[in-house]
Every structure is written in structure tokens, then in C-alpha cells.
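Below is one structure, written out as C-alpha cells, with a few remarks after it.
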Amino acid sequence: MSGINKTTEKHLMVFSGRAHPQLAQEVAAALGTDLVPTSAYDFANGEIYVRYEESVRGSDAFVIQSHTAPINEWIMEQLIMIDALKRASAKRITVVLPFYGYARQDKKHRGREPISARLMADLFKTAGANRLMAIDLHTAQIQGFFDGPVDHLMAMPILADYVGKKYGHLDLAVVSPDAGRIKVAEDWSSRLGGAPLAFIHKTRDINRPNEVVANRVVGEIKGRVCVLVDDMIDTAGTITKAADALMDQGAAGVIIAATHAILSGPAVDRLKACKVEEVIVTNTLPIPDDRRFDKLAVLSIAPLVSMAIKEVFEDGSVTSLFDGKA
């Protein structure tokens, strides 16, 4: 019998764009590897150039990029990185999105609108991605936009364990800032030993994004420390108004817990001025020093991402990381 038999060793390689290198370095260190040296720069007209400094042939490649501002630039850089890997014969390309840009545009609210979250998935697929890995997508159905495996990781265990350790001795209530996120609040409640649930019923002006008109608390929160949970804090308008509504209706205190700290524009001033005891977030997005403040606690998501990458690389189970819930 002629031919060549070769059992190839699996080869894990971790790549980082320029959006949030600290997180990628933490993930690589937890995996016991280094980031692949990459040269990346912008041409005078804003075009992006990327080249890897070592061979990636046959590798199991994980490309980490968090979509922070300027968001379109970092998305484009990640697409170019994926294309470079595809053309250099990487065996499998997994796109790691600590924060998935455009996730809020996941359905049409009115006619003639795009579904940009689906377009994003198509762009990754076209560039050459075999698999996506994201943390706390705005809605779970985005997983179905990508034609291939999607690992949807949850930050809730990390956030909830911190809250449990620090505030577990108090009478807690878990509050969802809107009716749509009540399922997430239920998971929090069971993680915090069955704390009662409440939600904020809010009305919006559909012509003004990021603006909430009125808040009404549904549920029993009097005398309790409320854990207000959300997937992201952007301008912090919704969440600070919700916190104030809780305090006005007799809550003993409010803690905000959210995965993605976008913190656009007036967010930091609003959070500082708001009657909350602590704002707990993760480092899915970079938070520069000038956006940090005394009440802000930043928990690292790197251990979670590195465990998920290890499971994917070793053909293990990502679901097992979340007690079978992911």
C-alpha cells in the first residue's frame, strides 16, 4: 500500500486584534500560550493591513476582538484577520467576540430597517469563520444567524458569585430593567438562592433611541437590596432611571450588574450621580482609566473565555461549563 500516513498534532493558536489586547493576553496566558505576533497598521486613508509573523498552516485559530469604539474599524480589522488566516491555510477559524457588535439590531421594529446582527454573521462566514464564540448576546436567537456552531457563553455565574459573596447576607431582590429580560433574572434568582423577582415596566418614545419615558416597578422590592441585571450599559440612561425608580419605591439599596460596559457619552456621569451602591461589570470591552470610577467593579471574563477555548480545542463540551444550560 502506497501513500503517506501522518497523524497531525492539533495546534492551538490565539490571535488578537488591536481593540482590547489586554483581555486577549490574559486569555492566552490562562491557556499557557502566547498571542501570535502580528503586524497591523493603518494606511493613510484608513485602510487596515494585517500580517501574521509566523506560519498558521493547519492551526486551530482563535481570533479575539471586542467590538468597542470605533466599532466599525475593529469589526473590519477582525474580518481582515479571518481572511488572512483562511488564505494561509488555518485548519479551523473560531471568531471570539467578547462583545458582538450590532447585536441590538436583531429584528425589524419598523419597515425598511436592516437586521444588522444577521449581516454581521454573514460577513464572518464569508471571511472564513467556521465557528463563533460570544458572551451574553443581546438575544439568544442571534445564534441562529450564523450557519455553523455558535458557543454562547454566559457571564452571569461570574457576576452572580461576586454579588452572592459580597451581598448574600442581605435581603436581595433580582430586578430586570425590562419585561424582555425576565428569563435572565430568573437564572440570577436561582443562583442567588431564590431571591424574589421584579421587573421595570418602561415606555419608550420609538423616535428617540436610548430614551425611556416612564418607569413602573412590578414586584415586591420594599426594604430589599435590588440587584438590577442587564446585558449592557451603553449611555446608562435606562439603567440609572430604573435604579432611581427602585429607590423611590422603597428599595433598601441598588446594585447594578451588567456584562458589557460600553459606557458611551454621559454614562459615567449618570452612574456616578445615581443612587447605586456598586456597578459590577466585566472586561468584555476595554474600560480606559478615565471611564473608571469609585463605584465600578470590573471582573475578568478571561478565565471563562480560556476554559471555553480549551473545551472547543479538545473537542469537549462548552455546555458543561454552565451546568448544562448553555
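Note that these values count all heavy atoms, side chains included, but never hydrogens, waters or copies made by symmetry.
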- Give the C-alpha distance, both sets of side-chain angles, the deciding distance and a yes or no for side chain to side chain contact (heavy atoms under 4.5 Å, CB included) between Glu113 and Arg110. CA-CA 6 Å; Glu113 284 186 343; Arg110 296 185 286 170; 4.0 Å; yes
- Query: So, do Asp60 and His11 sit near enough that their side-chain heavy atoms are less than 4.5 Å apart?
  - Reply: no
- Does the pair Glu278 and Lys166 meet the rule for a salt bridge (Lys or Arg N to Asp or Glu O under 4.0 Å), with working shown? CA-CA 11 Å; Glu278 192 170 20; Lys166 192 163 177 182; 3.1 Å; yes
- Message: Evaluate Arg118 against Phe146 for side chain to side chain contact (heavy atoms under 4.5 Å, CB included), listing each step before the verdict.
- Response: CA-CA 7 Å; Arg118 168 61 201 253; Phe146 182 76; over 6 Å; no
- Can you tell me how far the CZ atom of Phe293 sits from the NZ atom of Lys272, to the nearest 0.5 Å? 7.5 Å
- Task: May I ask you to decide whether Asp234 forms a salt bridge with Arg104, counting only side-chain N to carboxylate O separations under 4.0 Å?
- Result: yes
- Message: When you compare the side chain of Phe322 with that of Pro157, does any pair of heavy atoms fall below 4.5 Å?
- Response: yes
- Task: Give a yes or no on whether Val96 and Leu137 share a hydrophobic cluster (residues Ile, Leu, Val, Met, Phe, Trp, Tyr; joining criterion: side-chain heavy atoms under 4.5 Å apart).
- Result: no
- Show your reasoning for whether side chain to side chain contact (heavy atoms under 4.5 Å, CB included) applies to Phe145 and Ile115. CA-CA 10 Å; Phe145 291 176; Ile115 302 181; 4.2 Å; yes
- Any side-chain donor near an acceptor of the partner, Tyr49 and Glu77, under 3.5 Å: no
- Note, Ile71 side chain near Ile75 side chain (heavy atom, < 4.5 Å): yes
- Just by distance, do the side chain of Lys275 and the backbone of Gly253 share a donor-acceptor pair under 3.5 Å? no
- Message: Please say yes or no: joined through hydrophobic side-chain contacts below 4.5 Å, possibly via intermediate residues, are Val318 and Val14 part of one cluster?
- Response: yes
- Val305 with Ile158, same ILVMFWY side-chain cluster at under 4.5 Å: yes
- Query: Do the side chain of Arg216 and the main chain of His201 share a donor and acceptor less than 3.5 angstrom apart?
  - Reply: no
- Query: How would you list, by chain and number, every residue that makes a side chain to side chain contact (heavy atoms under 4.5 Å, CB included) with Asp269, sequence neighbours excluded?
  - Reply: none
- Task: Answer yes when Asp248 and Lys241 have at least one side-chain N-carboxylate O distance shorter than 4.0 Å, and no when they do not.
- Result: no
- Query: Is there side-chain contact between Asp161 and Arg191, with heavy atoms separated by less than 4.5 Å?
  - Reply: yes
- Item | Nearest heavy-atom neighbours spanning Asp187 and Ser190 | O-OG, 3.0 Å
- Message: Pairing donors with acceptors under 3.5 angstrom, does anything connect the side chains of Gln65 and Ser16?
- Response: no
- Output the distance between atom CG (Leu263) and atom CE (Met232), rounded to the nearest 0.5 Å. 12.0 Å
- Message: Does any part of the side chain of Arg51, heavy atoms only, come nearer than 4.5 Å to the side chain of Thr38, both counted from C-beta?
- Response: no
- Task: Assess whether ring pair (Phe, Tyr, Trp, His ring centres under 6.0 Å) is satisfied between Tyr52 and Phe15, documenting all intermediate values.
- Result: CA-CA 9 Å; Tyr52 304 118; Phe15 303 82; 4.8 Å; yes
- So if you build clusters from Ile, Leu, Val, Met, Phe, Trp, Tyr with side-chain heavy-atom gaps below 4.5 Å, do Leu285 and Leu159 land together? no
- Message: The test is side chain to side chain contact (heavy atoms under 4.5 Å, CB included); show your working for Arg87 and Asp83 and say whether it passes.
- Response: CA-CA 6 Å; Arg87 294 175 192 283; Asp83 187 75; 2.7 Å; yes
- Message: Looking at every heavy atom in both Tyr102 and Ser116, which two are closest together, and how far apart are they?
- Response: CD2-CB, 3.6 Å
- Any chain of hydrophobic side-chain contacts (each under 4.5 Å) joining Met154 to Met133? yes
- Out of curiosity, Ile135 CD1 to Leu304 CG, how far, rounded to the nearest 0.5 Å? 5.5 Å
- Leu97 and His67, any side-chain heavy atoms less than 4.5 Å apart: yes
- Message: Going by side chain to side chain contact (heavy atoms under 4.5 Å, CB included), name the residues that satisfy it together with Ala185, two or more places apart in sequence or in a different chain.
- Response: Val174, Ser176, Leu197, Val229
- Please walk me through it: do Thr94 and Arg131 pass side chain to side chain donor-acceptor pair (under 3.5 Å)? CA-CA 5 Å; Thr94 300; Arg131 183 182 198 107; 4.9 Å; no
- So His260 and Phe99, would you call those rings parallel, tilted or perpendicular, with 30° and 60° as cut-offs? perpendicular
- Message: Rounded to the nearest 0.5 Å, what separates atom OG in Ser59 from atom CE in Met13?
- Response: 5.5 Å
- Is there side-chain contact between Val217 and Phe199, with at least one heavy-atom pair below 4.5 Å? no
- Output all residues satisfying side chain to side chain contact (heavy atoms under 4.5 Å, CB included) with Asp231, sequence neighbours left out; order by chain, then residue number. His138, Arg181
- Query: Any sub-3.5 Å donor-acceptor pair from Asp106's side-chain atoms to Gln141's backbone N or O?
  - Reply: no
- Task: List the steps, then state whether salt bridge (Lys or Arg N to Asp or Glu O under 4.0 Å) holds for Asp42 with Arg18.
- Result: CA-CA 11 Å; Asp42 300 339; Arg18 291 174 292 168; 2.8 Å; yes
- Answer yes or no: is there a side-chain heavy-atom contact under 4.5 Å between Leu132 and Tyr100? yes
- Message: Do Ser317 and Glu311 pair up side chain to side chain, a donor and an acceptor below 3.5 Å, judged on atom types alone?
- Response: no
- Item | Point-to-point distance, once rounded to the nearest 0.5 Å, from NZ of Lys125 to CG of Asn130 | 6.5 Å
- Query: When rounded to the nearest 0.5 angstrom, what is the spacing between CD1 in Ile64 and CG in Leu35?
  - Reply: 7.0 Å
- Query: When you measure from the side chain of Ser300 to the backbone N and O of Ala302, does any donor-acceptor pair fall under 3.5 Å?
  - Reply: yes
- Test side chain to side chain contact (heavy atoms under 4.5 Å, CB included) applied to Ile280 and Val227, Ile256, Val163, Thr259, the passing residue: Val163
- Message: Test your reading of the model: is there a side-chain donor-acceptor pair from Lys10 to the backbone of Phe313, 3.5 Å cut-off?
- Response: yes
- Passing candidate, side chain to side chain contact (heavy atoms under 4.5 Å, CB included) with Val254, options Leu228, Val175, Ile221: Leu228
